[in-house]
Amino acid sequence: MKNVKQSIFKEAVNQIISNKMLRGMAAKQLDKYLYNSLKELGRQQLEQEKLDKYYFMSSIVEQVRKNLDKGFIKPKVMKKMAQVFVGDSFTADRYKKINPVREAYYEKYGDYPPQFLVLSPGKGCNLHCTGCYASADSAIAEKLDFETSRRIIREAHDIFGSRFITISGGEPFLYKSDGKHLVDLFEEFNDMFFLVYTNGTLITEGLANKLAELGNVTPAISVEGWEEQTDQRRGKGVYQRILKAMSNLRNAGVPFGISLTATSQNAEILLDDHFYDYFFNQLGVTYMWQFQLMPIGRGKDVMDLMVTPEQRVKLYDQWAHLLEDKHLPIADFWNSSSLSSGCIAYGRWNGYFYIDWNGNIMPCVFVPYYVDNVKDIFANGKTLGDAIQSKMFKNGRKWQKDYGFENPDHRGNILMPCSIRDHYKNFKYNILTPDAKGEDEEAEAVLHDPEYEKLMIEFDNKLQKLTEGIFYEKYLKKEPVTHEA
Ligand code: SF4
């Protein structure tokens, strides 16, 4: 029965991609399949979580179908994407089917491996965005050598069984080491899919065509809002260069997304549906990842840039509206944790961790603290599997489990999933270990700043008050009981 269902599923995906005539009908069939599969996920998922996941998957299918119809995505590129995302990650089997690689990992480490990692191979960037840490001079910027980058991806593939890698930066398309570029890695690991966070300005016609030929890469281009906000932070003329990059990608048929960091200053734009209508319907964006500024810095300016607890709740309501009513595939790292059953950091099963240009191994791009370095790990004959066994990583995974990851009888507030932002006190005193170092001076400095700690805890307490009612009513379907953040 299971095999019959899977072949119906694969056939529907195939028809959507390859058969324009039957696309609409196949999309309806796939939608039904997704709904039934997600409803079958079992008690470890709350009913509303299953529904949110269904809305998200269904929205992806709808957006892909629209962009295939418009000719913005080429079927060949889409086939690869479907193999990685739809075929492996989001079927009902996700919670049962464990492959031999994952079993071997379990035998060795007592838990299943993460699903992916984020790699920032180089800090160099060709832009000079306000407040950005990246280095403008790519020739001298810190970076991993090509062999180290390659080994990281090879081990993710072989030891975790991962088929998905996220690349960040710096500007990834500027990365060059030993005469090699990232495209060489995309080419070599052609059974893996790469999501690349980029400023978009280096996506020429030639690069877009190359990405189409490879068929295993999707760029997520950073915007700050409209032209005014994007140019204000990224530099004059950058928005127009982004539009050109998007046009190149549409012409080549490569699906692309946008990524955006919400701040107290652009939150209003994100509460307006016009923004999404324009990017999704007119520019052919297929998905959007939204982040919220994580204040790592002691200045009041940095703290003031973070969205307020009230704005965060409004952004949650907006996300739910965009997903349920407008069917737009958008995930907000902090407000959409129902899609991932909570925090996915610390190399959690089905989650991820982060390696930067110095090789420092961090739980998450928003948790800038490390114990191990991948260059030392490799030099000592160890592997990526060993790299995520530090006490700090284990503390983080224990917290995720205690917070109720996949435990329907004891779930923490799903609207406050973040181990560092939403539970700062717990992070500082129960997860962080004395051997952990800050990724940079600012990350180190805030650990010794009582004012920073006070402001973070105040934010958490306020957020708890504002979100607890929503969590209880919408997700637990019962009356709220007040706890400490
Ligand atoms: S630490 Fe926060 S930002 Fe990072 S994965 Fe967990 S919830 Fe998301």
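All ligand and atom numbering here is 1-based and tracks the order in the structure. Fair warning: this is a prediction, and the values are worked out from it, not measured in the lab.
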State the atoms of ligand 1, each with its element, that fall below the 4.0 Å cut-off from a heavy-atom position in Phe333.
3 (S), 8 (Fe)
Can a donor-acceptor pair be found between the side chains of Ser419 and Tyr346 at a distance below 3.5 Å?
yes
Do Glu224 and Thr261 have side-chain N/O donor and acceptor atoms under 3.5 Å apart?
no
If we count only N and O atoms by modelled type, under 3.5 Å, do the side chains of Tyr112 and Glu103 hold a donor and an acceptor together?
yes
Under 3.5 Å, is there a donor on one side chain and an acceptor on the other for His321 and Asp273?
yes
Enumerated ligand 1 atoms positioned under 4.0 Å from heavy atoms of Cys418
1 (S), 2 (Fe), 3 (S), 7 (S)
Cys364 near atom 4 (Fe) of ligand 1 via N/O/S, less than 2.8 Å
yes
Note: ligand 1 atoms sitting under 4.0 Å from heavy atoms of Cys343 are 1 (S), 5 (S), 6 (Fe), 7 (S)
Verify the ring-centre separation between Tyr276 and Phe280: is it less than 6.0 angstrom?
no
Looking at ligand 1, does Trp334 have a heavy atom less than 4.0 Å from it?
yes
Checking side-chain polar atoms at under 3.5 Å, does Tyr354 have a donor or acceptor matched by the opposite partner on Ser168?
no
Please could you name the atoms of ligand 1 that Val367 approaches to less than 4.0 Å, counting only its heavy atoms?
1 (S)
Atom 1 (S) of ligand 1: closest protein heavy atom, distance to 0.1 Å, is Ser419 OG, 3.4 Å
